[in-house]
Amino acid sequence: MKRLWILLIVSALCTSTSLFAQEKSPKAMIQERLTFMQKNLTLSGQENQSFWKVYEEYLNAEMKIMTGYRKNLEKQGIKLGAPGTNKEAIDKLTDKQLTYLQDQKFEMRKNILNLETTYYKKYKTILKPHTIKKLYDLEYRFKKTITEKKKETKKEDVYVNPGKKKR
């Protein structure tokens, strides 16, 4: 009986964790990315001491830009989902909203590029060129993986009943 209760509690925790994992807080997203990078980026002792604090600063600054972008859009009644899942939402926008969306997107991309340039200069003082290259490759891989997971989650949400797709 005791084992059954433990099994039920563990099952409930796993289920609730997977439900909450779909909507992660900015801090949780930063931590997930930081953990991924720490697991996959091998640094020397000197690099290790200096780099992770700078990288976490970068992640926080990037998240601040992205959060500001989304808040600006929401003020105009534009609510977007995960990248790659927004076609239907975008098709319903007015011309004015679409123009605002594009203007904000360019502004956000400009801010991200400025941030990346600033931190690239910092990285060059800490890391070797091959390590920086690997860092950017891992960044790309992480973002691609997250986008694919969100698309899969969206696809799973279209199922009304097992075996029947919503049309």
Side-chain angles (χ1 to χ4, degrees), residues 14-41 51-125 127 132-167:
C14 290
T15 303
S16 64
T17 303
S18 67
L19 291 174
F20 288 116
Q22 292 175 8
E23 288 297 324
K24 293 181 182 171
S25 70
K27 285 186 179 185
M29 291 171 61
I30 288 171
Q31 189 56 50
E32 182 179 350
R33 192 161 153 194
L34 189 58
T35 301
F36 174 85
M37 297 305 283
Q38 288 172 336
K39 192 184 307 182
N40 292 292
L41 187 65
F51 176 71
W52 294 114
K53 181 180 178 191
V54 172
Y55 185 67
E56 192 167 0
E57 287 172 10
Y58 165 76
L59 293 178
N60 283 312
E62 182 186 51
M63 186 58 69
K64 186 176 178 182
I65 292 169
M66 298 299 289
T67 303
Y69 166 70
R70 291 216 176 246
K71 284 181 181 177
N72 287 341
L73 294 180
E74 287 176 5
K75 286 178 187 175
Q76 297 297 315
I78 303 168
K79 187 155 176 78
L80 300 178
T85 64
N86 294 313
K87 182 167 177 19
E88 291 172 8
I90 290 172
D91 287 345
K92 294 177 182 176
L93 297 178
T94 65
D95 287 349
K96 183 178 177 181
Q97 288 175 316
L98 278 171
T99 301
Y100 186 81
L101 173 67
Q102 286 305 119
D103 291 345
Q104 288 299 304
K105 188 182 282 188
F106 282 118
E107 187 66 27
M108 183 257 316
R109 287 170 56 193
K110 182 177 76 175
N111 291 338
I112 293 287
L113 181 59
N114 290 337
L115 180 70
E116 287 175 346
T117 303
T118 298
Y119 277 86
Y120 173 67
K121 290 174 184 173
K122 291 181 181 185
Y123 297 159
K124 287 194 315 186
T125 65
L127 303 173
I132 295 171
K133 167 76 168 91
K134 184 169 183 178
L135 169 72
Y136 289 128
D137 289 347
L138 288 169
E139 283 280 334
Y140 175 77
R141 193 170 99 200
F142 178 80
K143 289 176 182 178
K144 186 175 179 183
T145 301
I146 293 299
T147 302
E148 288 171 1
K149 282 182 186 177
K150 287 183 179 182
K151 282 182 182 179
E152 285 300 314
T153 301
K154 178 109 173 144
K155 284 180 187 176
E156 290 171 9
D157 289 344
V158 263
Y159 285 99
V160 177
N161 294 318
K164 287 189 174 182
K165 279 190 178 179
K166 188 181 199 180
R167 292 193 186 248

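Lys133 and Asp137 are joined by a salt bridge, as a carboxylate oxygen and a charged side-chain nitrogen come within less than 4.0 angstrom of each other. Between Glu107 and Lys110 a salt bridge is recorded (basic side-chain N to carboxylate O distance below 4.0 Å). The residues Arg33 and Glu62 are annotated as salt-bridged, a charged nitrogen and a carboxylate oxygen being separated by less than 4.0 angstrom.
Between the CE atom of Met63 and the CG atom of Asn60 there is a distance of 8.5 Å, given to the nearest 0.5 Å. A distance of 13.0 Å separates CG of Asn114 from CZ of Arg109, quoted to the nearest 0.5 Å. Taking CG from Leu138 and CD from Gln38, the interatomic distance works out to 12.0 Å, rounded to the nearest 0.5 Å. A distance of 9.5 Å separates CZ of Phe142 from OG1 of Thr147, quoted to the nearest 0.5 Å. Note that CD1 of Ile30 is 11.5 Å distant from OG1 of Thr35, once rounded to the nearest 0.5 Å. With rounding to the nearest 0.5 angstrom, the OH atom of Tyr123 is 5.0 Å from the CZ atom of Phe51.
Judged by distance alone, with hydrogens and angles left aside, the side-chain atoms of Thr125 form a donor-acceptor pair with the main-chain N or O of Lys122 at under 3.5 Å.
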>> Pair Glu32, Ile146 - check side-chain contact (heavy atoms from CB on, under 4.5 Å), show working.
In response: CA-CA 10 Å; Glu32 182 179 350; Ile146 293 299; 3.4 Å; yes
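Residues Leu59 and Met29 form no side-chain contact, since every pair of their non-hydrogen atoms from C-beta on lies 4.5 Å or further apart. Contact of the Asn111 side chain with the Tyr69 side chain is not registered, since no non-hydrogen atoms from C-beta on lie closer than 4.5 Å. In this structure, the side chains of Glu56 and Leu34 come closer than 4.5 Å at one or more pairs of heavy atoms. No side-chain heavy atom of Phe36 sits under 4.5 Å from any side-chain heavy atom of Leu41. Between Arg70 and Leu73, every side-chain heavy-atom pair lies at or beyond the 4.5 Å cut-off.
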Can you give each donor-acceptor pair under 3.5 Å made by side-chain atoms of residues 91-102, sequence neighbours left out, with the distance rounded to 0.1 Å?
residue : atom : partner : partner atom : Å
Asp91   : OD2  : Lys87   : NZ           : 3.2
Thr94   : OG1  : Gln97   : N            : 3.1
Thr94   : OG1  : Gln97   : OE1          : 3.4
Gln97   : OE1  : Thr94   : N            : 3.0
Gln97   : NE2  : Gln76   : O            : 3.2
Thr99   : OG1  : Asp95   : O            : 3.0
Tyr100  : OH   : Asn72   : O            : 3.4

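Using bins of under 30°, 30° to 60° and over 60° for the plane-to-plane angle, the ring pair Tyr136/Tyr120 lands in the tilted bin.
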